[in-house]
There are 2 protein chains.
Amino acid sequence: MKSNSDKNIELKAMPSSQANVMLCKGCTLDPLCHPNTLDKKTVDDLDSVFNRGVMYSKGEYIYHQGETFDAVYVVRSGSLKTYAITSGGEEQITNFYFATELTGLNGLNTKVYPVSAVALETTTVCKIPFSNVEELSLKLPELRENLYSTIGKELDSFQEMILTLSKKNAEERVATFLMNLSCRYKKRGFSASSFRLTMSRSEIGNFLGLAVETVSRVFSKFQKQSLIKAEGREIEILDPSRLAVMSGGMASEGAHAAQ
Amino acid sequence: MKSNSDKNIELKAMPSSQANVMLCKGCTLDPLCHPNTLDKKTVDDLDSVFNRGVMYSKGEYIYHQGETFDAVYVVRSGSLKTYAITSGGEEQITNFYFATELTGLNGLNTKVYPVSAVALETTTVCKIPFSNVEELSLKLPELRENLYSTIGKELDSFQEMILTLSKKNAEERVATFLMNLSCRYKKRGFSASSFRLTMSRSEIGNFLGLAVETVSRVFSKFQKQSLIKAEGREIEILDPSRLAVMSGGMASEGAHAAQ
DNA sequence: CGGCGGCTTGACTGGTATCAAGTACCGTGG
DNA sequence: CCACGGTACTTGATACCAGTCAAGCCGCCG
């Protein structure tokens, strides 16, 4: 019942300034949005440049694979997935992103987004033109530090994923995935043991390199073993420590998605 | 016969300044080493700070997993692998790096290298303290641009790897790997069709998430199909287009390791 | 010469994909 | 309100790819 949709409703009912303060707390690029070291004029400039808190419905695109890279996005509420279409025409999900996490950095190399980003539910994001990030990061060492750290987390996350895909079996992958979600929810002040998945079994399978049926079977098996309780997308982690062991002990830390 | 060891010998025989010029041409962080926009004093500073062209023998470590992150490294000749030791104590190779490629960026998040880097053959690298990269990137937009692009390539490379691991079978993985190497060698002015592997079958298997035996079998099969000729580590690509098709068409571009 | 590590090949096994069927759920429209 | 269709999910049966075990070859080095 810690679903983010509750959050969205709350958000809509609030004056936007208040919502900003609430959600930007702990945001990676907070200095960009609330630069207390900058003068009034600059702040006003920012306000006009940033697209703070644009709302997307489930299935709507934040950016498309192939589009020119010009901005990064901070998730303020909700969640999204990024995926690439392979030459074979299949979808490959590369990551999921939740509130406070930053997406879009992959465009850094080719200046074109190598993936598309789609909202998994009603989701709000802040669009931040990359030129501004660059420019401001020259002035604000704190922000620069955050940017590097965020990039590092994204790299870590991918490396962790490579490890998962090349060394772990189906059960270990699913356990890793659940522990990772649990960890990320906890960091955001939600329950670590009880949450609602915002993605389908099929999307989990795609992400983890498993068939839908396999994901489903593992969920069932975990349930029989009293590791979790799963009713549709509602998940309860009954035995976190045992699940952590199953995951190969690599579910912790800041892995998967930049915070 | 385009082996890098020839290169090393050549290098040693040359006056070091000349060697620098030759190898730094096309180097990602060239502006850091030859900053023509900076005054003489600064250049002298750089000379004292940078560790240009340190040589490592096969098996020697450039940096260790867990060490404090303080520098990035540009490979000048030879090659190296980076790997993490998992909680289960297994080795997971995360990438290979060749001349002109940059490694060490993964430490950006935790300020600690999440992997170890080991020379696969006689290898020279330039050690560049990250504080210098940061500092100079503030002054040199060109360098900053390069840095971002390099980071982006590393992200691309990992994403590509995730795709390979979660969607491709053994043959596609090996084909992808060979095409990728071919592409990278070509970019460096070596033959795209004929080269010597600097890593063992076992290391290829580890990297691709396959057993050694599987790698060996795929090499044999490719040979029977006249796709390649493989004599130990000496590889000749006989039918690049067919191999590219086998790889799932995703072997191209700047994927795998930052240039 | 013998030993050892890297590589190859064969036989067998097992985990996961695939195919197939059935159920539950949800939004839509009557 | 219910009927309907579609999607998401589950579960079972079967097939196959790749891992594991085992044996042998080759080249290198002590």
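Predicted model, so just to flag it, every value in this text is computed and none were measured. Residue numbers begin at 1 in each chain, while the letters A, B, ... track the order of the sequences.
Ion pairing of A:K221 with A:E171 is present here, as a side-chain N (NZ or NE/NH1/NH2) and a carboxylate O approach within less than 4.0 Å.
Protein atom CD of A:E231 is 11 Å distant from nucleotide atom P of D:dT10, rounded to whole Å. In this structure, A:E171 places its CD atom 12 Å from P of C:dA17, rounding to the nearest Å. Rounded to whole Å, atom P of D:dA8 lies 13 Å from atom CD1 of A:I204. The CZ-C1' distance, from A:F219 to C:dT16, rounds to 17 Å in whole Å. In this structure, A:L120 places its CG atom 13 Å from P of D:dA8, rounding to the nearest Å. Remark: P of D:dC9 and CG of A:N206 are 13 Å apart, rounded to the nearest angstrom. One interatomic measurement links the two molecules: CD of A:E172 to P of C:dG15, which rounds to 12 Å at whole-angstrom precision. With rounding to whole Å, A:R201 atom CZ is found 19 Å from C:dT23 atom P.
Taking the side chain of A:N169 as heavy atoms from C-beta on, and the options D:dA18, C:dT16, D:dC9, the nearest nucleotide is C:dT16. Of the listed nucleotides (D:dC9, D:dT11, C:dT9), D:dC9 has the atom at the smallest distance from the side chain of A:S200.
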What does the list of N/O pairs under 3.5 Å between the protein and nucleotides 19-23 of chain D look like, with a distance for each?
residue, atom, partner, partner atom, Å
D:dG19, OP1, B:G209, O, 3.4
D:dG19, OP1, B:A211, N, 3.4
D:dG19, OP2, B:A211, N, 3.1
D:dG19, OP2, B:T214, OG1, 2.3
D:dT20, O4, B:R217, NH2, 2.9
D:dC21, N4, B:E213, OE2, 3.1

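Between the side chains of A:R173 and A:N169, no donor N or O sits under 3.5 Å from an acceptor N or O. Using a 3.5 Å distance cut-off with no hydrogens or angles, the side chains of B:S77 and B:T124 do pair a donor with an acceptor. Between the side chains of B:E121 and B:S79, at least one donor-acceptor pair of N or O atoms lies under 3.5 Å.
Ring-centre distance between A:F98 and A:Y185: below the 6.0 Å cut-off. For B:F96 and B:F207, the ring centers are positioned less than 6.0 Å apart.
Between A:R233 and C:dC25, a side-chain N or O to OP1/OP2 separation shorter than 4.0 Å is absent.
Figure legend: cation-pi geometry between B:R201 and B:F219, with NZ or CZ positioned under 6.0 Å from the six-membered ring centre and within 45° of its axis.
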